[in-house]
Amino acid sequence: MNCRMHRYFRGLSVLICPLLVLQTAFAGQSGGISILVVEGSKAQNLLSVEAEKPISVRIVNSAGVPLENASVLFVPPEFGPGGAFAKIGGPVNVMTNRQGLAVAPPFIANSTAGDYEIQVIASYMGQVSRVLLAQSNVEKRKSGNKKLIIISALVGGAAVAAFAASGNNDDPTTPPPPTRTTTAPPIVFLNSSVGAPQ
């Protein structure tokens, strides 16, 4: 019984150890290289339309120096909201330039709205780093809303103009309002009267 358990755990460790090593390699910035996102983080892409700006990242070493010829893999989600890089169905690999910059091909959102993540995996001389870029696909905004706002602004402007015109008494054809004059009553002194001062 002990021999069987020993073989079982030994076989299990043979399977798990490589996976742990692989997970550590992909875990993030511990490999000595870092991924700095230049474009693409929290981007909102219109459904079935090419993104306004391509995803781009800069790969640097632990001292912040850009790395040339680093391999950068861009991996879009396979299902649900997401998209694909132009003319490429799955992941795409790009090498960095002298500035350590890797620019992915144009990204075209699919027809499913929602949030998703694009994996970016960089490798350089055995060192690996990974980040997840949060993006979302959104529906097109209807142009009717803009028309409604414009119509509301025009109607509101006309109402203000009409109100201002109704309060304007500078029109020469409009008669001025009547003015009231008050006359003081006469003062009477013993059979003689004195009128109001003129």
Side-chain angles (χ1 to χ4, degrees), residues 6-143 145-146:
H6 188 294
R7 288 180 187 172
Y8 172 76
F9 284 116
R10 185 174 177 188
L12 192 60
S13 66
V14 169
L15 292 173
I16 291 177
C17 285
L19 292 175
L20 291 174
V21 170
L22 187 62
Q23 183 182 6
T24 303
F26 282 94
Q29 314 297 338
S30 61
I33 63 172
S34 298
I35 301 172
L36 307 178
V37 179
V38 178
E39 289 289 347
S41 180
K42 298 181 181 179
Q44 291 187 341
N45 304 313
L46 294 176
L47 298 181
S48 305
V49 175
E50 182 178 308
E52 292 181 3
K53 296 180 180 179
I55 298 171
S56 58
V57 296
R58 189 180 310 279
I59 311 304
V60 298
N61 63 15
S62 57
V65 178
L67 299 174
E68 185 180 3
N69 292 325
S71 174
V72 181
L73 187 65
F74 297 93
V75 185
E78 294 182 23
F79 307 103
F85 295 101
K87 301 180 181 179
I88 300 170
V92 60
N93 190 55
V94 178
M95 304 301 288
T96 58
N97 61 15
R98 289 183 180 180
Q99 290 76 37
L101 195 66
V103 181
F107 184 77
I108 301 173
N110 61 21
S111 58
T112 306
D115 300 330
Y116 55 92
E117 293 176 330
I118 295 177
Q119 292 188 68
V120 181
I121 304 168
S123 58
Y124 181 79
M125 298 181 67
Q127 299 174 342
V128 179
S129 185
R130 180 180 74 122
V131 296
L132 297 173
L133 291 181
Q135 294 197 347
S136 60
N137 290 347
V138 296
E139 296 181 4
K140 294 181 180 179
R141 295 179 181 169
K142 296 179 181 178
S143 60
N145 292 342
K146 290 182 179 177

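A quick note: this is a predicted structure, and the numbers were derived from the prediction, not measured.
- Remark: Met95 CE is packed, more than 12 non-hydrogen atoms of other residues, nucleotides or ligands lying under 6.0 Å away.
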Go through the steps for Leu46 and Val138 under the test side-chain contact (heavy atoms from CB on, under 4.5 Å), then give the verdict. CA-CA 5 Å; Leu46 294 176; Val138 296; 3.9 Å; yes

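- The CD atom of Gln127 sits 8.0 Å away from atom CG of Leu67, with the distance rounded to the nearest 0.5 Å.
- The minimum heavy-atom distance between Glu117 and Ala134, with the atom names listed, is CG-CA, 4.4 Å.
- Applying the side-chain contact (heavy atoms from CB on, under 4.5 Å) test between Val37 and each of Leu133, Ile55, Val120 identifies Leu133 as the sole match.
- In this structure, Pro77 and Gly82 approach most closely via the heavy-atom pair CG-CA, 3.8 Å.
- Using a 4.5 Å heavy-atom cutoff, the side chains of Gln135 and Asn137 are not in contact.
- When side chains are defined from C-beta on, Val94 does not count as touching Val103, because their heavy atoms never get closer than 4.5 Å.
- Residues Asn93 and Ser71 come closest through the heavy atom pair OD1-OG, 2.8 Å.
- Ala104 approaches Pro54 most closely through the heavy-atom pair O-CB, 3.6 Å.
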Run the side-chain contact (heavy atoms from CB on, under 4.5 Å) test on Ile121 and Val128 for me, step by step, so that the C-alpha distance in whole Å, both residues' side-chain angles and the decisive distance to 0.1 Å come before the verdict. CA-CA 7 Å; Ile121 304 168; Val128 179; 4.0 Å; yes

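- Partners of Thr96 under the side-chain contact (heavy atoms from CB on, under 4.5 Å) rule, at least two apart in sequence or in another chain, are Ile59, Ala70, Val72, Ala102.
- The CD1 atom of Ile33 lies 11.0 Å from the CE atom of Met125; values are rounded to the nearest 0.5 Å.
- At a threshold of 4.5 Å between non-hydrogen side-chain atoms, the residues Ser111 and Ser48 count as touching.
- Interatomic distance, Leu36 CG to Leu101 CG, rounded to the nearest 0.5 Å: 10.5 Å.
- Among residues at least two apart or in separate chains, salt bridge (charged side-chain N to carboxylate O under 4.0 Å, His left out) pairs with a member in residues 39-53 are Glu39-Lys53.
- At least one donor-acceptor pair under 3.5 Å links the side chain of Arg58 to the backbone N or O of Gln99.
- Listed here is the closest heavy atom pair of Ile35 and Ser129: CD1-O, 3.5 Å.
- Sorted by first and then second residue, the ring pair (Phe, Tyr, Trp, His ring centres under 6.0 Å) pairs with a member in residues 69-94 read Phe85-Phe107; sequence neighbours excluded.
- In terms of heavy atoms, Gly83 sits closest to Pro76 at O-CB, 3.6 Å.
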Apply side chain to side chain donor-acceptor pair (under 3.5 Å) to Asn45 and Tyr116, showing your working. CA-CA 11 Å; Asn45 304 313; Tyr116 55 92; 3.0 Å; yes

